[in-house]
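The structure displayed is predicted, hence computed values, not measured ones. Atoms within each ligand, like the ligands themselves, are counted from 1 in listed order.
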Amino acid sequence: MINIRTGREIDLIRQSSRILAGALRLAASRIAPGVITADLDEEIGAYIRAQGAIPAFKGYNGYPANTCISIDEQVVHGIPGQRALQSGEIVSVDVGVLWNGYCSDAARTFRVDVISAEKERLLTYTKQSLYKGIDQAREGNRLSDIGHAVQSHVEAAGFSVVRDLVGHGIGQAMHEEPQIPNYGPPHQGPRLKAGMVFAIEPMINAGTWRVRTLPDQWTVVTEDGKPSAHFEHTVVITKGDPEILTEGD
Ligand code: MF3
Ligand code: CO
């Protein structure tokens with residue numbers, strides 16, 4: 001069942017999302033060569049708690065940190081640690097916030113200093129594909145229209161869509177129905193309705209779409225070691241244009 005949220009619930013998810021947008025703004029201001037990812041994680045966690053909210057990833061299925069920080073060939077779920085960011089890397093920061101019982105989820109991939117033209121292109125197309133997907137999150141469309149828009153956009157540029165991980169409904173739980181693949185044919189699946197709240201999150205690889213999980217049981221990496229990018233927003237479907245709740249700047 002896909003939850004239809006009341007106005008009051010959407011307001012709480014909106015508030016949760018606003019705190020999350022602030023956390024990602026903080027991340028953006030901190031990303032630089034030499035930054036230790038565990039320190040960035042701590043700072044983001046402290047920021048969220050200072051707003052009276054809870055970092056929602058910590059403890060989720062035993063996840064050990066406040067955020068997921070994934071560098072270069074790491075696709076998602078990188079665990080912050082003693083690694084220092086280096087010039088030329090791309091780093092995705094994925095954050096979840098729990099606020100008065102309601103969740104939000106968003107991620108951005110940042111450049112550390114100057115990056116290669118190929119990574120620049122990967123970031124551009126991945127971010128664009130998120131907005132193409134969001135633009136399909138409209139009452140009357142069907143669920144698979146979202147993933148189809150993402151896939152068409154990035155494959156035309158020669159990039160590939162991760163299959164093993166998907167976007168999701170979100171609300172009182174971080175992951176609710178439906179699953180939202182970033183690929184597939186158009187016009188399939190349930191019809192979208194105002195009040196549905198989705199976390200849309202293309203994970204796009206420069207090379208093969210195939211991924212594997214490191215022995216730490218969390219970090220997902222590309223099979224070919226080529227870079228991957230990830231952008232995510234929490235979005236509510238309305239009677240009109242989709243509202244991006246986690247948009248921060
Ligand atoms: N942001 C991830 C997602 O959208 C959730 C991270 S998993 C966690 O699925 F365990 F780290 F919380
Ligand atoms: Co998510």
Side-chain angles (χ1 to χ4, degrees), residues 2-3 5 13-14 16-17 19-21 23-24 27 37-38 40-42 44-45 48-49 53-71 74-81 90-99 102-110 126-127 129-131 133-134 137 143 146-147 150 161-183 196-205 211-221 228-237 242 244-248:
I2 305 178
N3 287 308
R5 298 298 173 179
I13 302 171
R14 191 181 283 115
S16 176
S17 298
I19 294 166
L20 174 31
L24 284 177
T37 58
L40 181 58
D41 178 79
E42 267 313 307
I44 293 170
I48 293 167
R49 290 180 206 282
I54 297 167
F57 293 173
K58 189 138 193 179
Y60 187 90
N61 292 330
Y63 187 72
N66 299 306
T67 65
C68 300
I69 301 183
S70 310
I71 301 168
Q74 299 176 352
V75 179
V76 287
H77 303 169
I79 303 173
I90 57 173
V91 54
S92 119
V93 179
D94 190 350
V95 183
V97 168
L98 177 62
W99 165 260
Y102 287 84
C103 298
S104 55
D105 187 2
R108 284 166 63 182
T109 303
F110 301 99
T126 305
K127 189 172 189 179
S129 77
L130 169 59
Y131 286 90
I134 290 171
L143 184 65
I146 296 172
V150 170
V161 175
V162 173
R163 307 286 205 268
D164 309 42
L165 298 136
V166 297
H168 48 95
I170 183 167
Q172 280 147 305
M174 180 67 69
H175 295 124
E176 299 186 353
E177 287 180 46
Q179 296 196 5
I180 309 173
N182 294 298
Y183 58 92
M196 292 178 176
V197 182
F198 292 167
I200 300 176
E201 51 177 318
M203 289 149 271
I204 306 301
N205 295 351
V211 300
R212 64 190 177 86
T213 304
L214 294 184
D216 68 14
Q217 309 252 35
W218 281 104
T219 313
V220 177
V221 297
S228 181
H230 179 215
F231 287 84
E232 176 177 25
H233 273 309
T234 296
V235 174
V236 58
I237 296 169
I244 304 175
L245 300 176
T246 43
E247 194 100 84

## Note on the structure
Contacts of T246 meeting side-chain hydrogen bond (donor to acceptor under 3.5 Å, both in side chains) (sequence neighbours excluded), chain-then-number -> H233
### Atom name, E232 (N, O or S, nearest to the Co ion (ligand 2))
OE2
### Task
Measure across S70 and H77 and return the closest heavy-atom pair with its distance rounded to 0.1 Å.
OG-N, 3.4 Å
### Task
Return the name of the atom in E201, of element N, O or S, nearest to the Co ion (ligand 2).
OE2
## Note on the structure
Closest to the Co ion (ligand 2), among the N/O/S atoms of D105, is atom OD2
### Query
Looking at residues at least two apart in the chain, or sitting in another chain, which of them share a side chain to side chain contact (heavy atoms under 4.5 Å, CB included) with T67?
D41, I44, I69, P80, V95
### Task
Using only heavy-atom distances, determine whether the side chains of H168 and E201 contain a donor-acceptor pair under 3.5 Å.
yes
### Task
Look at atom CD of Q217 and say whether more than 12 heavy atoms of other residues, nucleotides or ligands are closer to it than 6.0 Å.
no
### Task
Would you please name every residue forming a ring pair (Phe, Tyr, Trp, His ring centres under 6.0 Å) with F110, sequence neighbours left out?
none
N/O pairs closer than 3.5 Å, ligand 1 and protein:
from	atom 1	to	atom 2	distance (Å)
ligand 1	1 (N)	D94	OD1	3.1
ligand 1	1 (N)	D94	OD2	2.8
ligand 1	1 (N)	D105	OD1	3.1
ligand 1	1 (N)	D105	OD2	3.4
ligand 1	4 (O)	D105	OD2	2.8
ligand 1	4 (O)	H168	NE2	3.0
ligand 1	4 (O)	E201	OE1	3.3
ligand 1	4 (O)	E201	OE2	2.6
ligand 1	4 (O)	E232	OE2	3.4
ligand 1	9 (O)	H175	NE2	2.6

### Query
Counting backbone and side-chain atoms alike, does H168 have an N/O/S atom under 2.8 Å from the Co ion (ligand 2)?
yes
### H230 side, atom NE2; L165 side, atom CG - distance, nearest 0.5 Å
8.5 Å
### side-chain contact (heavy atoms from CB on, under 4.5 Å) between I19 and W99, worked out
CA-CA 9 Å; I19 294 166; W99 165 260; 3.6 Å; yes
